[in-house]
Amino acid sequence: MSLRIGDTAPNFSVATTAGEINFHEWIGGSWVFFFSHPADFTPVCTTEMGRTAQLAEEFEKRNTKPLGLSTDGLKEHFVWIKDVDDTQNTTLKFPIIADPKTEIAQLYDMIHPNESSTEAVRSVFIIDPNKKIRLTMTYPMNVGRNFDEILRVIDALQLADEKGIATPADWTPGAKVIIPPSVSNEDAKIKFPQGFDEIRSYLRFVEVS
Ligand code: BEZ
């Protein structure tokens with residue numbers, strides 16, 4: 001069965017380019033950007049790995065650890081990382097899981113047989129420090145992910161947790177956010193003393209800092 005938002009991310013122990021990890025222990029108090037890709041030494045994957053490495057500081061600012069996975073082995077990963085560094089002008093430091101038996105890929109439903117029976121599609125799991133899955137995205141093999149969007153959803157999730165708000169379509173940090181319908185106007189006045197715009201009783205925007 002596929003994993004859903006709110007599920008506890010299944011735990012596993014596995015070999016990675018940063019050594020053996022127990023996933024839940026490795027998560028510690030961080031958020032996680034867990035993502036799969038089809039194979040080492042392929043062009044789209046090379047750009048995605050490079051982009052993740054280039055964004056190391058951005059992930060760190062968000063207390064978020066990237067964790068990659070492909071169904072290749074450790075030996076291939078280590079050689080390929082040198083290529084990623086060379087071609088993408090970066091230094092890849094985050095761990096990549098070696099999953100040649102597809103055990104973790106199966107556990108996380110990353111193998112979509114109509115794409116490939118041996119390689120993972122481009123799955124994304126954003127996992128919070130309580131080990132809960134907070135967001136999933138699945139891209140086909142031939143479409144690289146948008147990393148601005150990945151950072152944006154982490155920002156949105158973290159702001160939603162901190163302020164008890166929701167974010168509108170195309171929200172970016174700094175833009176107005178939404179007061180959820182579960183918050184009455186009476187409570188909203190206490191929670192948001194800065195005031196809010198009531199467009200409809202169910203559509204209220206507020207600025208938060
Ligand atoms: C790629 O990373 O370039 C790729 C991998 C598998 C299928 C298509 C593209």
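Between Ile133 and Arg4, every side-chain heavy-atom pair lies at or beyond the 4.5 Å cut-off. Counting heavy atoms from C-beta outward, Leu3 and Asp109 have side chains that stay 4.5 Å or more apart. Taking the side chain as every heavy atom from C-beta outward, His112 and Asn114 never approach each other to under 4.5 Å. Proximity of Lys163 to Val177: side-chain heavy atoms (C-beta onward) are nowhere separated by under 4.5 Å. The shortest side-chain heavy-atom distance between Asp197 and Ile199 falls under the 4.5 Å cut-off. Considering only heavy atoms from C-beta on, Phe41 comes within 4.5 Å of Val79 through its side chain. Side-chain contact between Gln88 and Asp83 is absent, with no heavy atoms from C-beta onward closer than 4.5 Å. Residues Thr102 and Glu119 fail the side-chain proximity criterion, which asks for heavy atoms closer than 4.5 Å.
In the hydrophobic cluster analysis, where Ile, Leu, Val, Met, Phe, Trp and Tyr join through side-chain heavy atoms closer than 4.5 angstrom, Ile81 is grouped apart from Leu67. Both Met49 and Met137 sit in one connected hydrophobic cluster of ILVMFWY residues. Membership requires side-chain heavy atoms under 4.5 Å apart, directly or through other members. A continuous path of hydrophobic side-chain contacts links Val32 to Leu107 [ILVMFWY only; heavy atoms under 4.5 Å]. A single hydrophobic cluster is not seen to contain both Ile150 and Phe125; linkage of ILVMFWY side chains at heavy-atom distances under 4.5 Å, directly or through other members, places them apart. Val183 and Tyr202 fall into different hydrophobic clusters, where Ile, Leu, Val, Met, Phe, Trp and Tyr residues are linked whenever their side-chain heavy atoms come under 4.5 Å apart, directly or through other members.
In this structure, OG on Ser123 lies 12.0 Å from OH on Tyr139, to the nearest 0.5 angstrom. One distance of note links CZ of Arg51 with CD of Glu58; it measures 9.0 Å at 0.5 Å rounding. Between the CG atom in Asn130 and the CH2 atom in Trp31 there is a gap of 9.0 Å [rounded to 0.5 Å]. Note that OG1 of Thr136 and CG of Asp7 are 10.0 Å apart. Values are rounded to the nearest 0.5 Å. Rounded to the nearest 0.5 Å, atoms OG (Ser70) and CD (Glu76) are 8.0 Å apart. Here the straight-line distance linking atom CG of Leu74 with atom CD1 of Ile96 works out to 10.0 Å at 0.5 Å rounding.
Between Met141 and Ser116, the shortest heavy-atom distance links the atoms CE-CB, 3.4 Å. Nearest heavy-atom pair across Val143 and Glu48 is O-OE2, 4.4 Å. Minimum heavy-atom separation, Pro168 to Ile178: CB-CD1, 3.7 Å. Residues Phe23 and Pro10 approach most closely at CD2-O, 3.7 Å, considering heavy atoms. Between Met110 and Ser36, the shortest heavy-atom contact is SD-CB, 3.5 Å. Arg122 and Pro38 make their closest contact through NH1-CD, 3.5 Å (heavy atoms, listed as atom of the first residue, atom of the second, distance).
Here the side chain of Trp171 pairs a donor or acceptor atom with the backbone of Ala175 at under 3.5 angstrom. A donor-acceptor pair under 3.5 Å is formed between the side chain of Ser184 and the backbone N or O of Asp187. At least one donor-acceptor pair closer than 3.5 Å links the side chain of Asn11 to the backbone N or O of His24. The closest donor-acceptor contact from the side chain of Gln194 to the backbone of Glu207 lies under 3.5 Å. Although no hydrogens or angles enter the test, the distance criterion places no donor-acceptor pair under 3.5 Å between the side chain of Asp128 and the main chain of Arg134. Put simply, the side chain of Asn63 gets close to the backbone of Gly29: a donor and an acceptor are under 3.5 Å apart.
Aromatic pair Phe59/Phe33: centroids less than 6.0 angstrom apart.
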field: From CA spacing to verdict: side-chain contact (heavy atoms from CB on, under 4.5 Å), Phe205, Leu203
entry: CA-CA 7 Å; Phe205 288 93; Leu203 183 61; 3.7 Å; yes

- request: Before giving the answer on side-chain contact (heavy atoms from CB on, under 4.5 Å), spell out for Phe34 and Val124 the whole-Å C-alpha distance, their side-chain angles and the decisive distance to 0.1 Å.
  value: CA-CA 6 Å; Phe34 181 28; Val124 173; over 6 Å; no

- request: Applying side-chain contact (heavy atoms from CB on, under 4.5 Å), run through Ile27 and Ile127 and close with a yes or a no.
  value: CA-CA 9 Å; Ile27 292 174; Ile127 298 164; 4.1 Å; yes

- prompt: Could you go step by step and tell me if Thr16 and Val14 meet the side-chain contact (heavy atoms from CB on, under 4.5 Å) rule?
  reply: CA-CA 6 Å; Thr16 79; Val14 75; 4.0 Å; yes

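Between Tyr108 and Phe12, the ring-plane angle classifies as perpendicular under the 30° and 60° cut-offs. Under the 30°/60° scheme for interplanar angles, the aromatic rings of His37 and Phe35 are found to be tilted.
By the 6.0 Å and 45° rule, Lys65 stacks over the aromatic ring of Trp26.
With hydrogens and angles left out, the side-chain atoms of Arg152 and Asn146 include no donor and acceptor closer than 3.5 Å. Side-chain polar atoms of Asp72 and His77 form no donor-acceptor pair below 3.5 angstrom. Asp99 and Thr71 form no side-chain donor-acceptor contact under 3.5 Å, judged by distance and modelled atom types alone.
Surrounding CD of Glu57 are at most 12 heavy atoms belonging to other residues, nucleotides or ligands under 6.0 Å away. Within 6.0 Å of atom CD in Glu149, more than 12 heavy atoms from other residues, nucleotides or ligands are found, so the atom counts as buried in its surroundings.
A salt bridge links Asp155 to Arg62: at least one charged side-chain nitrogen sits closer than 4.0 Å to a carboxylate oxygen.
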